[in-house]
Amino acid sequence: MTGTTLVWLRNDLRIADNPALSAALKHGMARAVHIEATDGRLRRRGAASRWWLHHSLNRLAEELAQLGVALDTVEGEAQTELFKAIAAHGSDAVYWNRRYGRAEREIDAAIKARLKREGIATESFAANVLVEPFEMATGTGKPYSVYTPFWNALKKQDIAKPLPRPRHGETIRPQRVDSDYREADWGRKLGRHWQIGEAAARERLDRFLDELVLDYPGDRDIPRKAATSGLSPHLAFGEISPRQVWHAAQAMAQHAPAKASAIDKFLSELGWRDFNYNQLYHRDDIATVPMVAKYGGLKWRHADAAFEAWQRGRTGIPIIDAGMREMWETGVMHNRVRMLTASLLAKNLLIDWRKGEQWFWDTLVDADAANNPGNWQWVAGSGLDASPYFRIFNPVTQGERFDPAGDYVRRWVPEVAGLPDKLVHQPWEAPDAAALDYPAPIVDLKVSRERALEAFKAL
DNA sequence: TGTAGCTTTTG
DNA sequence: AAAAGCTAC
């Protein structure tokens, strides 16, 4: 008989396909700990993520209790808190699933070294990406810098089959998650839009594959439609693993060949997540350093009033304001509108993309350390295989193309709801524009487009 | 996964 | 006159 194995949970808040948890239960008695780490080198979670985390941990504690596993939740420096938990429970082994940021890897490596010195068994597992970044390299041994060859190589890899839910142990009473978290109005508002936790994630995946995926390629760009999977926050917290998504989707493609090409399109978007994790793994700090060095020379404008108008959804450009308000209200924003709002900030407004990235980090429930900065760098042109600098979205044209009847804009920007379709994306053209309770646009799209082309071309 | 300005084609 | 095609940014 062995002692207690401690499972150190991070962004892997699930029971099924959790290799560290499964291995610990095989080993004998298990306990779990989640440490909200305050290490200075780690990026602090944003406000929307803290809300989601609180509820996700509560759901997980109930699930773990059914397996006889207690979950402790603490806040503090990672190494200190982990060794406190080891001492408190007399653990003789510590397991975790790997993470890929540089600071996280260094912290984990230091802890692993200390565990070895102290004679405590330790093991880490692959769990949170399709293929681990160090398994992916081009023919010349370098990290991929272009998505398409990365994706083609990824598809050829043997993607691990997800592990089943581990067998039940003795059910225990769930721990109350111990934190000073207090539900604020904002959290109650977000709560109207989400079911949190592993079971909800699985239901969402199944419903998407059953009912939505066939129309995904055609409808995914239409923000009015709920045509996307909606899995992003569940993936960000590891309530579902990308391997589970991958294999469920492949099984559906086998079972329903008519859906195969749509499923391939969907999975290629999941592939971007792995591509972003590859960037995170190989670079110092994806959230602050341009992946392509020459973009570091761009002279960003300091325009506080414009930035605040952007944050609050008061730019006077309906589809931009709709997106920013959708994010504030629900904790997510439709993907196409993310591209539009980011392009407006980084290009038309020439405001540093890192400011926008930080706002998204704070307000998105799906804020992800690789995807959020990776996608911002993509839009800003400084990322790997990024959008070319001269691609500057026109939010009027984009609105007319992807929200032709104006439903999306009318939902989030009631000030323009009464305008006819032709004007709803450019209310400033309305004869009685001044009478609307809606700001005039904070930038001239044509002039600011020219300015951005100049600034980027100069690099 | 773009836009704008121009030219050419089409009805 | 509008749609479609082409090309620089």
Side-chain angles (χ1 to χ4, degrees), chain A residues 144-152 154 213 215-225 227-229 232 261-276 279 291-292 294-295 297-299 317-320 322-323 332-350 353 356-357 360 366 368 370-404 408 422 425-426 428-429 441 443-459:
Chain A
Y144 282 95
S145 57
V146 183
Y147 181 66
T148 302
F150 174 86
W151 170 236
N152 289 332
L154 185 71
V213 74
D215 294 324
Y216 175 80
D219 288 354
R220 61 186 289 270
D221 273 320
I222 301 175
R224 169 178 64 85
K225 297 196 177 182
T228 59
S229 75
S232 57
S261 73
I263 282 170
D264 198 59
K265 177 70 189 156
F266 168 63
L267 289 178
S268 83
E269 298 299 324
L270 188 65
W272 272 97
R273 181 179 180 278
D274 262 46
F275 188 62
N276 286 327
Q279 298 186 49
M291 301 283 104
V292 178
K294 70 172 177 180
Y295 289 92
L298 210 135
K299 294 275 182 292
I317 303 165
I319 202 163
I320 302 298
V332 290
M333 192 196 304
H334 188 277
N335 175 255
R336 173 142 298 265
V337 191
R338 292 191 200 203
M339 293 194 286
L340 303 182
T341 54
S343 171
L344 187 92
L345 188 81
K347 292 184 171 173
N348 298 87
L349 292 172
L350 277 178
W353 62 268
E357 193 275 339
F360 275 34
D366 65 18
D368 177 288
N371 286 331
N372 194 50
N375 289 333
W376 268 93
Q377 294 222 30
W378 186 88
V379 173
S382 64
L384 298 186
D385 205 10
S387 180
Y389 76 88
F390 49 78
R391 183 181 294 163
I392 299 170
F393 290 101
N394 181 321
V396 177
T397 312
Q398 289 280 311
E400 288 167 350
R401 188 178 305 164
F402 295 109
D403 186 34
Y408 176 74
K422 281 199 175 66
H425 290 292
Q426 41 183 339
W428 55 88
E429 296 291 346
V443 277
D444 181 301
L445 295 172
K446 191 176 158 74
V447 171
S448 61
R449 176 178 186 275
E450 292 303 321
R451 179 177 65 183
L453 285 172
E454 290 290 309
F456 276 82
K457 199 163 46 172
L459 291 173

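Chain A is the first sequence line, chain B the second, and so forth, proteins listed ahead of strands; every chain is numbered from 1.
Residues passing the ring pair (Phe, Tyr, Trp, His ring centres under 6.0 Å) test with F456(A): none are found, sequence neighbours excluded. Applying the salt bridge (charged side-chain N to carboxylate O under 4.0 Å, His left out) test to D385(A) and every residue at least two apart in sequence or in another chain returns nothing. Judged as a salt bridge (charged side-chain N to carboxylate O under 4.0 Å, His left out), and not counting sequence neighbours, K422(A) has no contacts.
The side chain to side chain contact (heavy atoms under 4.5 Å, CB included) with I320(A) is formed by just one residue from the set L345(A), L344(A), V443(A), V337(A); it is L344(A).
Counting only Watson-Crick and G-U wobble pairs whose two distances sit under 3.5 Å, DNA chain C takes part in these stems of three or more pairs: B:2-10 with C:1-9.
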Below 3.5 Å is the cut-off: list the nitrogen or oxygen pairs between protein and nucleotides 1-7 of chain B, distance only.
residue: dG2(B); atom: O3'; partner: Q398(A); partner atom: NE2; Å: 3.3
residue: dG2(B); atom: N2; partner: F390(A); partner atom: O; Å: 3.1
residue: dT3(B); atom: OP1; partner: N394(A); partner atom: N; Å: 3.2
residue: dT3(B); atom: OP1; partner: Q398(A); partner atom: NE2; Å: 3.1
residue: dT3(B); atom: OP2; partner: Q398(A); partner atom: NE2; Å: 3.4
residue: dT3(B); atom: OP2; partner: R401(A); partner atom: NH1; Å: 3.3
residue: dT3(B); atom: OP2; partner: R401(A); partner atom: NH2; Å: 3.0
residue: dT3(B); atom: O2; partner: R449(A); partner atom: NH2; Å: 3.4
residue: dA4(B); atom: OP1; partner: N394(A); partner atom: ND2; Å: 3.1
residue: dG5(B); atom: OP1; partner: K446(A); partner atom: NZ; Å: 3.0

Hey, can you pull the donor-acceptor pairs under 3.5 Å for the side chains in residues 266-275 of chain A, sequence neighbours left out?
residue: S268(A); atom: OG; partner: K265(A); partner atom: O; Å: 2.9
residue: E269(A); atom: OE1; partner: R220(A); partner atom: NH2; Å: 3.4
residue: E269(A); atom: OE2; partner: R220(A); partner atom: NH2; Å: 3.2
residue: R273(A); atom: NH1; partner: N128(A); partner atom: O; Å: 2.8
residue: R273(A); atom: NH2; partner: N128(A); partner atom: O; Å: 3.2
residue: D274(A); atom: OD1; partner: L130(A); partner atom: N; Å: 3.0
residue: D274(A); atom: OD2; partner: L130(A); partner atom: N; Å: 3.1
residue: D274(A); atom: OD2; partner: V131(A); partner atom: N; Å: 2.9

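Between E357(A) and Q377(A), the side chains place no donor N or O within less than 3.5 Å of an acceptor N or O (distance only, hydrogens not considered).
The shortest distance between side-chain heavy atoms of S387(A) and V379(A) does not fall below 4.5 Å.
A donor-acceptor pair under 3.5 Å is formed between the side chain of D403(A) and the backbone N or O of Y408(A).
Nucleic acid contact for F456(A): none, since no nucleic acid atom lies under 4.0 Å from a heavy atom of the residue.
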